[in-house]
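Notes to accompany the following structure.
Numbering of ligands and ligand atoms starts at 1, following listing order. What you see below is based on every heavy atom in this structure, not just the backbone, and it leaves out hydrogens, waters and symmetry mates.
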Amino acid sequence: MRLCPQELGDRILAAKYADVKEEKEVEEQPVYLDAQECAIPGLELHQSFVSEEVEQELLAEVEDGCWETLARRRVQHFGYRFEYWARNVDINKPIRPLPPTAQRVLQRLEQLLGVQFDQLTVNEYNPGVGLSSHIDTHSAFTGPIVSLSLAGPCVMELRRGGVHRPLHLPPRSLLVLAGEARLAWHHYIPHRRADTIGGRRVPRASRRVSFTFRKVRGYPCDCSWPECCDSQGGGMPPTRMSLAVQAGAPQPSTAAATMPAHTGCMGVEPQRLQQPSAEQHGIEACNGESASGSQPEAEQQRSTAGSSCVPRAPEASLSALELSGSAVDQSDEHLERMEARYVHNVYDIIATHFSATRFAIWPKVKAFLQSLPPGAMLADVGCGNGKYFGVRPDIAVLGSDRSPNLAETAARRLRPTATAAVPGPLARCDVGVADGLHLPYRSGALDAVVCIAVLHHIASAARRVRLLAELARVLRPGGRALVTVWASQQEEPAKLAKWEPIPSTTGDQEGVQRGDYFVPWHIPLHRVEAAAAAARTVAASQAYSTDRPDLSRGTPNGAVQHSPTESLNSTGECKSVSSAGADDAAKSATQPGVAGVLSTAEGAFADGRIDRAKGTVVFKRYYHLFDEHELDSLVLQVPGVCITDSFYDKSNWCVVYQKAPQTL
Ligand SMILES: O=C(O)CCC(=O)C(=O)O
Ligand SMILES: [Fe+2]
Ligand SMILES: [Zn+2]
C-alpha cells in the first residue's frame with residue numbers, strides 16, 4: 001500500500017484522537033495511595049525511602065550533568081546507556097559509574113531487595129509531561145526495577161488488559177516493580193498538569209525527577225509472559241513506547257506507527273542535512289534526541305528550561321530532516337553505536353553463513369564492471385565475500401568491508417589453494433577492513449567504485465551523504481560509482497511485512513515509520529557458527545546467573561569451555577567449538593534452562609534470539625529502505641558529481657554518478 005503524506009498524516013491524527021479519548025476516560029479512575037490496594041503481584045511502594053537531605057544531594061549530583069533531551073523530558077544514564085531506539089542497553093559498553101550518593105542508595109537497595117543494580121536512568125518531567133505506556137524490554141533488564149521519585153509527585157498507572165490502576169507516587173517514595181508487575185503490566189505516567197487525588201485536584205506544581213535503578217541482563221528472558229517478552233517473540237517493537245509525547249496528543253496507534261512512510265519529499269537542501277554542531281548550540285558534546293519541532297512555543301520553553309545541554313535542530317530544518325530519512329537529529333556517536341551493534345557485529349557473527357548464500361552475480365553490476373577499460377582501478381566498498389572480484393580479471397580491485405570476518409571470506413578467494421597453487425586472475429585484488437566513511441585510499445586514485453547493498457546500513461541521511469561523498473573523493477575526475485540500495489518498493493511485499501519497522505523516536509514525528517527496519521538473519525542451529533552464536537547468547541547468562549537459578553542449575557555435560565571472544569575466530573569459523581562441542585552447544589542452546597558455556601560475559605553478544613519454532617538463532621540487521629528518488633537526492637548533495645544513470649532493479653534503487661572531469 002502506498003500512502004501520500006496527507007493520507008499518512010490523517011491516519012496519525014485519527015489515532016491521536018483515539019488516544020485523547022482514552023486518556024480522558026482514564027483520568028476518572030480513582031487514584032490509589034497505597035500499592036497494596038492495587039493488588040498487583042510484585043508491586044510495592046516504600047514511602048519516604050530517602051530523607052530530604054539525601055533527596056537534595058541526589059538532585060544536586062545530577063543537576064549539572066549532561067542531560068539528553070528527548071521529545072518532552074530530559075534524561076541521564078549511568079552504568080549503561082539505555083538506547084531508546086532499540087529499547088535496550090549494550091552490555092558490552094558500560095558507561096560512567098553512578099554518582100556517589102546514588103551509590104549509597106544502591107547499598108540500601110541491595111539490603112532491601114538483594115539485588116545489585118548497575119544501571120541508573122534519571123528522568124526529569126516538567127508539569128504536563130508524562131511517559132508513554134510501556135513495559136521495560138525484558139531482554140534488557142533482569143530482576144526488579146525500582147524508581148525513586150524526587151522533587152514533585154506524580155501518578156503512575158499500571159495497566160494490563162484494559163485494567164488501569166493509578167498509583168500516587170509522592171516525593172522520596174520508592175516504587176518497586178517485580179515479577180508480574182515488572183514483566184506483565186505496563187507503566188504509564190499521564191501527560192497532565194494536575195491529578196485528581198482523593199477527589200481533590202492536585203496540580204503538578206513542580207518538576208518530578210525520578211531515579212530508576214535497573215540491572216542489565218545480557219541474555220534472553222524466559223519468563224511466563226511470552227506475549228510481553230521480546231525474547232520470546234512478544235512485547236512491543238523497539239522505540240514504540242517510552243518517549244514522552246505532547247500533552248493531549250499521545251503517540252500514534254500501532255497501525256499508524258508501523259505503516260511504511262512514503263513522504264515523496266526529497267528536495268532537501270544539502271546544508272539542512274548537516275548535523276547542527278555542538279558549538280552552534282553552545283553545548284558540550286551530548287547525545288540527544290531533538291525536542292519536538294511542533295510543541296507550542298511556551299511548552300517548548302518550559303520543557304527545556306534550565307537545561308544545560310539542549311541539542312536542537314532549527315525548527316524549519318527539523319521537518320525537512322525528519323522527512324529526508326531517519327534519525328538525522330541524533331549525534332553520530334549514537335548512530336555509530338547503532339551501526340556497530342546492528343550491522344558490524346551481526347555481519348561478523350553471521351559472516352560464514354551469509355557468505356555461503358552470496359554467489360549470484362547481479363547483471364547490472366556485471367554490466368557496470370564490463371564497461372570499465374582494461375587495467376582500470378576499482379574499489380569494491382563493502383565487498384562482502386568478494387563475489388565480484390573475478391568478473392573482470394583484467395582490472396585491479398581494492399575490496400574492503402567493515403566486518404573483519406566478511407573481509408576474511410573475501411581474502412580467502414585470493415589465497416592460492418591446493419588445486420590452484422599459482423596465483424590466478426585474482427592476483428590483481430587486494431582486500432582490507434575499512435569503514436566506507438573513511439576509505440584508506442588516496443583522493444582521485446580510482447577509476448570506478450561499486451558499493452553494493454551497503455548504504456542502506458548507514459543510520460542517518462547525513463551519514464549516507466558522507467559515504468557517497470567519500471566514494472566520490474577516491475574517484476579520479478571522470479571516474480564513476482555504482483551504488484545500490486534496498487528499495488521500500490519490494491517486489492515481494494510479503495517479505496517486507498516480516499521485517500520489523502523502527503518508528504521514529506524524535507520530535508512530532510515520533511512513532512512514524514520512515515523506512516528504517518530490523519531485518520532478521522536466521523542461522524540454522526545445526527550450523528557450527530549458529531551453535532557458537534547461540535552459546536554466546538545463552539551463556540552470557542553465566543556471569544549473571546546469581547539471580548538465575550533456573551539457568552545456572554543445569555550445567556551441560558561435556559560443555560565446551562571457552563571465552564566469548566574465542567567462540568568465533570577471525571575467519572568467522574568456530575575456533576574452539578569442535579564439531580562434537582558444537583553439537584553440545586547447539587543442544588544447550590535449544591534446551592531451555594540449560595546454561596551456556598562461557599566463563600565471562602566480556603564480549604557477550606546478547607542480540608541473538610533463539611527461534612525454537614524455526615530451529616534458528618535470529619539476529620537483527622539495521623536497514624534503511626529507500627523510497628523512489630531518495631538515493632538520487634542524496635547523490636545530488638555531493639559536490640562535484642553528476643548522476644549518469646538511475647534505475648530500479650529487483651527491489652533495489654541504483655545510481656551511477658560521475659566525478660566531474662577536471663576543468664583547466
Ligand atoms: O519515571 C519513572 O518513574 C519511570 C521511568 C521509566 O519507566 C523508564 O525510564 O523506563
Ligand atoms: Fe519503565
Ligand atoms: Zn520476558
Side-chain angles (χ1 to χ4, degrees), residues 35 42-43 45-46 49 58 62 68 70-84 86-89 117 119-126 129-159 166-191 204 207-217 219-236 238-244 505 541 548 550-551 592 606 609-610:
L43 182 73
L45 184 65
H46 299 258
F49 185 74
L58 288 169
V62 295
E68 285 176 43
L70 304 186
R72 291 293 307 278
R73 64 184 205 278
R74 298 192 305 168
V75 298
Q76 287 189 46
H77 302 291
F78 298 88
Y80 293 86
R81 189 191 170 81
F82 186 76
E83 305 283 9
Y84 289 93
R87 299 289 312 149
N88 218 315
V89 289
F117 294 99
Q119 196 272 341
L120 166 64
T121 297
V122 180
N123 277 285
E124 181 197 55
Y125 307 83
N126 282 303
V129 175
L131 181 70
S132 304
S133 177
H134 70 279
I135 299 176
D136 290 43
T137 315
H138 286 198
S139 65
F141 306 107
T142 183
I145 290 174
V146 300
S147 189
L148 184 62
S149 295
L150 303 176
C154 85
V155 167
M156 179 179 278
E157 281 186 18
L158 282 300
R159 294 175 159 192
L167 177 64
H168 182 231
L169 305 182
R172 291 180 284 112
S173 66
L174 179 84
L175 177 81
V176 179
L177 298 173
E180 183 181 315
R182 151 44 181 139
L183 295 165
W185 288 71
H186 285 66
H187 48 281
Y188 168 61
I189 301 176
H191 314 275
R204 291 191 197 160
R207 64 173 188 155
R208 168 179 179 263
V209 178
S210 66
F211 279 51
T212 303
F213 296 91
R214 302 179 279 200
K215 181 170 166 59
V216 301
R217 176 187 284 270
Y219 57 91
C221 176
D222 61 352
C223 69
S224 319
W225 292 275
E227 68 284 4
C228 308
C229 183
D230 61 303
S231 294
Q232 299 176 62
M236 297 170 88
T239 69
R240 262 286 297 146
M241 53 252 171
S242 80
L243 302 182
T505 57
S541 64
R548 300 276 305 172
D550 54 336
L551 274 177
R609 192 168 60 77
I610 298 162

Q: Provide the closest heavy-atom pair for L45 versus P170 in the form atom of the first, atom of the second, distance.
A: CD2-CD, 4.3 Å
Q) Which one of V146, L58, T121 satisfies the side chain to side chain contact (heavy atoms under 4.5 Å, CB included) criterion with F211? A) L58
**Q.** Any V155 side-chain heavy atom under 4.5 Å of I189 side chain
**A.** no
Q: Measure from the side-chain N and O atoms of Q119 to the backbone N and O of V216, and report whether any donor-acceptor pair falls under 3.5 Å.
A: no
Q. Is the backbone N or O of C154 less than 3.5 Å from a side-chain atom of R204, with the two atoms forming a donor-acceptor pair by type?
A. no
Q | Sphere of radius 2.8 Å around the Zn ion (ligand 3) - protein N, O or S atoms inside | A | H138 ND1, C221 SG, C223 SG, C229 SG
(Q) Filter on salt bridge (charged side-chain N to carboxylate O under 4.0 Å, His left out), then keep only pairs touching residues 174-187, sequence neighbours left out; what's left? (A) R160-E180
Q. Mind checking whether H77 has a heavy atom under 4.0 Å from ligand 1?
A. no
Q.
With nothing but distance in play, are any N or O atoms of H134 less than 3.5 Å from an N or O of ligand 1?
A. yes
Q | Distance-only N or O hit between ligand 1 and R73, under 3.5 Å | A | no
Q.
I'd like the name of whichever of S147, S133, G130 reaches closest to atom 3 (O) of ligand 1 through any heavy atom.
A. S147
Q) Which protein N, O or S atoms does the Fe ion (ligand 2) have within a distance shorter than 2.8 Å? A) H134 NE2, D136 OD1, H187 NE2
(Q) Can you list everything that forms a side chain to side chain donor-acceptor pair (under 3.5 Å) with H187? Sequence neighbours excluded, please. (A) H134, D136
Q: Indicate, as side chain, backbone, both or neither, the part of Y125 found under 4.0 angstrom from ligand 1 when only non-hydrogen atoms are considered.
A: side chain
Q) Between S139 and D230, do the side chains contain an N or O donor and an N or O acceptor separated by less than 3.5 Å? A) yes
